[in-house]
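Please read the structure below before turning to the comments.
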Amino acid sequence: MTTRNRPHDTPATADKDPRRPAVLLCALALPVLIATYALILGYWARPDSTGRQLRIDQFLTMVERGQIGSATILSADDRIVGAYGGGQRYWIDFSGGHETLFARLIGALEAAKVPTAVQPQPLKSVVGPLSTMLPVLILGDIFVILYLTSRNGTPLGGFGRAGARGVTDADQTLTFAEVAGADEAVEELREIAEYLSQPGRFAAMGAAVPKGVLLSGPPGCGKTRLARAVAGEAAVPFFSISGSDFVEMYVGVGAARIRDLFAQVRAAAPAIVFIDEIDAVGRARSTSAAGGSDEREATLNQLLVEMDGFGAECGVVVMAATNRPDILDAALLRPGRFDRRVTIDPPDHRGREAILGIHAKGKPLGPGVDLASIARSTAGFSAADLANVVNEAALLATRRSSPSIEAADLSEAVERVVSGPSRRSRILTADDRRRIAVHEAGHALVAAVQPAAAPVMKVSVLARGHAGGFTLQAAEGDRVLATRSELAARVAVLMGGWAAERTCLGEASTGSNDDLLRATDLARRMVWECGMGERFGPLAISPAGPAGDDSSPEWSEETATAIDAETRAIVDAACESALGVVSANIGLLDEMAAELVRAESLEGDALQAFLVQVRPSADAASDLALVS
Ligand code: ADP
């Protein structure tokens, strides 16, 4: 849920283009040329002849008979006009004829002593050739316009334009102080900001400053924000573009965009270029033979060429963000390219508190709000999630017409962010409601009995997102590792709802679909990624092919069968354990479900009052199997 916040982005070099006056001139000339051509065709090129048209032989006969009164030769129109008979006008056209025809006509007129004059038509003799030249001029003008508006020799250059956004000074209010919970990353980037504010000083010392910094971390962890903060600290322009903007269907466009982007950035140096989702263009080359990879390769090569092309004195730093650093082309990570790598981890509880503080700044918080406790209950949230929590809470407070954001708004906002907006408007049948209550109580009971499972904080039958209800477990502290028994306990807790439905209501329902998917996925990953299978042993297999694409899995048929068997064994053990707990506590489950139906949600002491009564399963061996 990354929210981009670049409200006033403006193309940085839009009005610096020296070709602009020429383009304007040519664009104005075009209608003038076309109008002139139309006038020439319509008026000037029309011959000045009126009256009856005579055929040449008819004319010659009439001349011989003395019927022609006068003749005027129009030199440019190749016509003879005049009067005949009782003063009527005639004209003949000798343009298709030969020199001899003209001589014959003149001879006949002289012989018959017809008064003959020649009209020179000087304007027409100029306009004639012009009318043939004008189409050429018009076409030429169009080509010049296309050329001038092109970038890097690609006509209609807007097509190949980078579309990079430069942020104006007014937007660069972001500083390192406003990037909370990423202290290590900030420390690493401080040097880059110093270099950008005084590139000359570093160049004079001969210090090699990284040209490229690769920011890696999960979505919403603040990669864009960090890059913008570097630009803000150094007070330099910030150009941002997404890697996917470079990936075009048309060959050459991506590379042209890279060229264009770097041309813009060089003109604005010192500056930062931020390439989001660099993996879209920077994937390892030649791993997929599918169409489009040629274009991507050309784009990637162009990026490498550009990065090699500027020196330390240039003052350009390319920052790229990815959440898949593992699939990037090795060439991108070589010295002189993205050789500095900064990893951004999910924030710990102090970081989360600080991030909440940043986003709550300027918003009226009620006296009972304790950001530290919200931070503690949001382990695993990304910075973007936390920004969202504060925003949701503000919306909730506004909806209540409350003057300030209260603790309840924030905890509701946390729940919303965890499982999507609440769907209170949906009306459930009594049966469905009871089934959901039994299901959620099942999760809670199984979680309560597993020593390795995280404590249950809240159980609710209010619909959230796709789920009918939800059971919220607290993640204690900021765990980065999980043991086998903890993972197995998670699978068992996931199966708790299914086990409760089966035991209490006779059969399971579609309400367990999502749980089953998650349980199976978790069990399978325990086997193939973590080597936690009983018989399979500590052998980890990458789920994808060696280069990150799905084309060539690296396991054999037998291994796949073994993985399936191991996965099934883990899920079976979890089911058995969950069923054991549920049947040992069937009375309690019933009571709890009834209370849930009544109260809609249970938390705090009311919840604990149920959970302390939970007895381990009658068959304790199945629990032991899980924790072994
Ligand atoms: P990414 O680029 O990693 O996907 P963003 O930088 O776009 O993430 O951040 C997503 C959201 O989280 C933005 O609203 C941003 O303001 C907020 N955010 C990210 N990191 C922090 C931080 N360290 N402190 C405060 N807010 C943050």
Side-chain angles (χ1 to χ4, degrees), residues 1-9 164-165 167 171-190 192-193 212-233 238-245 272-282 317-326 328 338 341-363 365 371-372 374-375 378-395 410 413-414 416-418 478:
M1 70 189 73
T2 34
T3 46
R4 301 267 179 259
N5 183 21
R6 296 170 202 139
H8 308 297
D9 291 2
R165 299 267 144 185
V167 177
D171 295 324
Q172 288 182 355
T173 45
L174 215 54
T175 61
F176 284 146
E178 283 153 280
V179 182
D183 298 342
E184 285 166 34
V186 165
E187 275 322 306
E188 294 219 32
L189 294 175
R190 206 173 281 284
I192 308 276
V213 181
L214 185 69
L215 301 173
S216 57
C221 66
K223 300 181 287 291
T224 314
R225 194 174 172 101
L226 256 173
R228 290 191 60 196
V230 175
E233 281 286 325
F238 176 76
F239 290 82
S240 96
I241 194 160
S242 171
S244 51
D245 294 345
I272 284 189
V273 193
F274 177 67
I275 307 178
D276 206 355
E277 301 172 42
I278 184 123
D279 37 291
V281 50
V317 171
V318 187
M319 298 183 82
T322 180
N323 45 12
R324 296 289 313 271
D326 50 314
L328 290 184
F338 292 101
R341 290 177 63 170
V342 177
T343 308
I344 307 170
D345 294 319
D348 63 6
H349 71 91
R350 257 170 274 127
R352 290 198 300 274
E353 188 180 339
I355 293 170
L356 285 169
I358 284 177
H359 289 280
K361 211 192 287 171
K363 296 191 173 79
L365 291 186
L371 292 183
I374 297 163
T378 47
F381 272 35
S382 69
D385 292 338
L386 295 167
N388 224 5
V389 164
V390 178
N391 192 44
E392 281 280 345
L395 288 176
L410 281 160
V414 169
R416 279 175 175 241
V417 171
V418 167
D478 297 297

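FYI, side chains are in, hydrogens and waters are out, and symmetry mates aren't considered; it's all heavy atoms of this structure. For ligands, and for the atoms within them, numbers begin at 1 and follow the listed sequence.
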Task: Side chain proximity check, L356 to E353, heavy atoms < 4.5 angstrom - done: no

Task: N or O contact, P219 vs ligand 1, cut-off under 3.5 Å - done: no

TODO: Consider every N or O of A387 and every N or O of ligand 1, then say whether any pair is closer than 3.5 Å.
DONE: no

TODO: Considering non-hydrogen atoms only, spot the tightest contact between A227 and I272 and give its length.
DONE: O-CD1, 4.1 Å

Task: Check: N391 side chain, N388 main-chain N or O, donor-acceptor pair, under 3.5 Å - done: no

Open item on the list: Geometry only, no angles: is C221 polar-contacting ligand 1 at N/O separations under 3.5 Å?
Closed with: yes

- [ ] Please state whether A180 comes within less than 4.0 angstrom of ligand 1, counting heavy atoms only.
- [x] yes

Open item on the list: Checking V318 against F274 for the side-chain contact (heavy atoms from CB on, under 4.5 Å) test, could you report, in this order, the C-alpha distance in whole Å, the side-chain angles of both residues, the deciding distance, and whether it holds?
Closed with: CA-CA 6 Å; V318 187; F274 177 67; over 6 Å; no

- [ ] Please verify whether a non-hydrogen atom of G220 lies at under 4.0 Å from ligand 1.
- [x] yes

TODO: Identify, by atom number and element, the atoms of ligand 1 in contact range of V179, meaning under 4.0 Å from any of its heavy atoms.
DONE: 23 (N)

Task: Proximal ligand 1 atoms for H359, defined as those under 4.0 Å from one of its heavy atoms - done: 16 (O), 17 (C), 25 (C), 26 (N), 27 (C)

Task: Candidate with minimal heavy-atom separation from atom 5 (P) of ligand 1, of G222, S240, A384, A229 - done: G222

TODO: Kindly write out the residues that satisfy side chain to side chain contact (heavy atoms under 4.5 Å, CB included) with I358, not counting sequence neighbours, or none if the list is empty.
DONE: A180, R225

Task: Closest non-hydrogen atom pair between C221 and I344, with its separation - done: O-CG2, 3.7 Å

Task: Region of A383 that comes within reach of ligand 1 [heavy atoms, distance under 4.0 Å] - done: both

Task: Nitrogen or oxygen of D276 less than 3.5 angstrom from that of ligand 1 - done: no

Task: Sequence neighbours excluded - salt bridge (charged side-chain N to carboxylate O under 4.0 Å, His left out) pairs with any residue from residues 181-190 - done: E187-R190

Open item on the list: With heavy-atom distances below 4.5 Å as the criterion, would you say the side chains of L189 and L215 are in contact?
Closed with: yes

- [ ] Measure the distances from the heavy atoms of E178 to every atom of ligand 1 and state whether one is below 4.0 angstrom.
- [x] yes

